[in-house]
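The structure appears below as structure tokens.
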Protein chains: 2
Amino acid sequence: MHATLRDANPELTPSVEDYLKVIYHLSNQGGFAATSDIAAMLDVAPPSVSGMVKRLSETGLIEHVPYRGVQLTAQGRRAALRMIRRHRLLELYLTQQLGYDWGSVHAEAERLEHAVSDELIDRMARALGDPQYDPHGDPIPTAAGEIEEAELVSLADVSVGTKLELRQVGTQDPARLRYFAEQGLTPGVLLTITDRQPFNGPTTIGLVPSGDPRVVGRELALLLWCREVPITDHGYASR
Amino acid sequence: MHATLRDANPELTPSVEDYLKVIYHLSNQGGFAATSDIAAMLDVAPPSVSGMVKRLSETGLIEHVPYRGVQLTAQGRRAALRMIRRHRLLELYLTQQLGYDWGSVHAEAERLEHAVSDELIDRMARALGDPQYDPHGDPIPTAAGEIEEAELVSLADVSVGTKLELRQVGTQDPARLRYFAEQGLTPGVLLTITDRQPFNGPTTIGLVPSGDPRVVGRELALLLWCREVPITDHGYASR
DNA sequence: TTGAAAGTTTAGTGTAGTCTAATGTTGACG
DNA sequence: CGTCAACATTAGACTACACTAAACTTTCAA
Ligand SMILES: [Mn+2]
Ligand SMILES: [Mn+2]
Ligand SMILES: [Mn+2]
Ligand SMILES: [Mn+2]
């Protein structure tokens, strides 16, 4: 009965939802997601991925080119963005409304994203004022499935003298996140590059407007995604 | 993004958690929970229950007497009460903090209860002021696993003239719950029995203090669990 | 140009949980 | 006190999703 209605809104398993998210992240710049990369991100064995890939392409969520990798179909991309919206809204809700620290929200959201209803996500979004960014600065897709594609540069790749706004922190590791928070390195912060040592050495930055210096090794600098900001001659726009 | 798919710890599955809750409710008065009753409550076939019963008794969560039924062990009871605490706190959080109506919270909590962490439950409980009752008046077990056992009578069984406080509403059916709310029949309300028709006929009650009458058929009256309240001679204690 | 390393898929196994059909057990009542 | 209907269990099949071991494909360097 009403097979078409049911098939139009097929229920995805938590496993499938996590695979789609990972494939989205790995094939973001239009390329293919490789079996072994998916396996590493999900912490499963490569043959488990091959098995899931077969199921996902049979249901039309991905396109598989054997020995090459996979890409999301339009339907798969829609499902992935829906999960990413849920994940990021949950992260923000937990930090803003329940006092979670930005290092611990990821694990919690990773489970809740599969259990919440669309109505609950709506209500949380409304309670937060339909926010655009999650606690780590990542853009929250709209309910319609649109997502902002910002052009950001890694702090490790910017030359000395540039003024930047820190926009996204590219890790979910609680220890690294807590360290960044201690250093005042959270999305929205303004800074200038004051020095970089050769041979992949550390970058020295100055926080704006305080001027407080911070020294950031290459491993961490690669996680700090920034937007260039035009330098004003004297002083900085307040706030 | 990792570690959620495969977890080596002896965590209970969502299925197991739901079975334990149902067995708790069915064997509450010290009796046995019957296979077919468990099956009906979970909407699965009886052989599915037999299979699960085997697994649960092997893990020490229940005691099985073949052809008789099952009972929770101390360990099983602890796990069941932990789930009931989660379920009821979630229901209350959704109604109080996110504007849910008491008819829709059950379905949402039924899924979320398996996904939330102990920390999240703690934070929600604190945000609510460590509440004792859920939106339907059911007692919330403490984190230590204690639960209030109230002695309540069904509105269908009380004789005319009695004064009562409505304490619990014994259904999760959204339609019935919405109807009760429309009629002002929510936990905490005071009322007096003014009439009952014979042959399982309807009960007429008066709301206190307004005196507004309500006529409640036996099917619904059986769902309204009350505590007797001593009648004061003239007027009623305010609020 | 070839051969081995790196990466991917196939083959086979296991666990959890569901189902239907068949069989076994219990207890109420005629 | 025996029969049978209701209830419970066993038997066997199926799906989803993981694993290891083995086979296969691609790539890259000698
Ligand atoms: Mn997840
Ligand atoms: Mn995030
Ligand atoms: Mn549940
Ligand atoms: Mn409830």
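Here the structure is a predicted model, which is why all the values come from computation and not from measurement. Lettering follows sequence order; numbering is per chain, from 1.
- In this structure, NZ of B:K54 is placed 12 Å from P of D:dT9, rounded to the nearest angstrom.
- Atom pair A:E11:CD and D:dA16:P shows a separation of 13 Å (rounding to whole Å applied).
- Between B:E151 and B:R227, no side-chain nitrogen of the basic residue sits less than 4.0 Å from a carboxylate oxygen of the acidic one, so the salt-bridge criterion is not met.
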**Report entry** Full working for side chain to side chain contact (heavy atoms under 4.5 Å, CB included) between B:L98 and A:Y93
**Finding:** CA-CA 11 Å; B:L98 284 161; A:Y93 188 88; 3.8 Å; yes
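- Within 4.0 Å (heavy atoms only), B:S50 reaches at least one base atom of the nucleic acid.
- Salt bridge status for B:E17 with B:K21: absent, with no side-chain N to carboxylate O gap under 4.0 Å.
- Looking at heavy-atom distances under 4.0 Å, B:S36 makes contact with sugar-phosphate atoms alone, never a base.
- Rounded to an integer number of Å, the gap from CG of A:D37 to P of C:dT8 is 7 Å.
- Close to D:dT9, at under 4.0 Å from its OP1 or OP2, lies a side-chain N or O of B:H64.
- Residue B:I38 contributes atom CD1, which lies 15 Å from atom P of C:dG17 at whole-angstrom precision.
- For B:H87 and B:H106, the gap between ring centers is short of 6.0 Å.
- Here C:dA16 presents its P atom at 13 Å from CG of B:L61, a figure rounded to the nearest Å.
- Proximity of A:V169 to A:P187: side-chain heavy atoms (C-beta onward) are separated by under 4.5 Å at one or more points.
- Spacing between atom CE of A:M52 and atom C1' of D:dA18 amounts to 10 Å, rounded to whole angstrom units.
- A cation-pi contact, defined as under 6.0 Å to the ring centre and within 45° of the axis, links A:R167 to A:Y133.
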Query - Footprint string (nucleotides 19-26 of chain C, 5' to 3'): B base within contact, S backbone only, - free, heavy atoms under 4.0 Å - result: BBB--BSS
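- OP1 or OP2 of D:dA18 sits under 4.0 Å from a side-chain N or O of A:Y19.
- Geometric assessment of B:R77 against the ring of B:Y24 yields a negative cation-pi assignment under the 6.0 Å and 45° thresholds.
- For A:T13 and D:dC17, the shortest distance from a side-chain N or O to OP1 or OP2 is below 4.0 Å.
- Straight-line distance from the CG atom of A:L12 to the P atom of D:dT15: 18 Å, rounded to whole Å.
- The shortest distance between the side-chain N/O atoms of B:R55 and the OP1/OP2 oxygens of C:dA16 is not below 4.0 Å.
- When rounded to the nearest whole Å, the span between CG of B:D18 and P of C:dG17 equals 11 Å.
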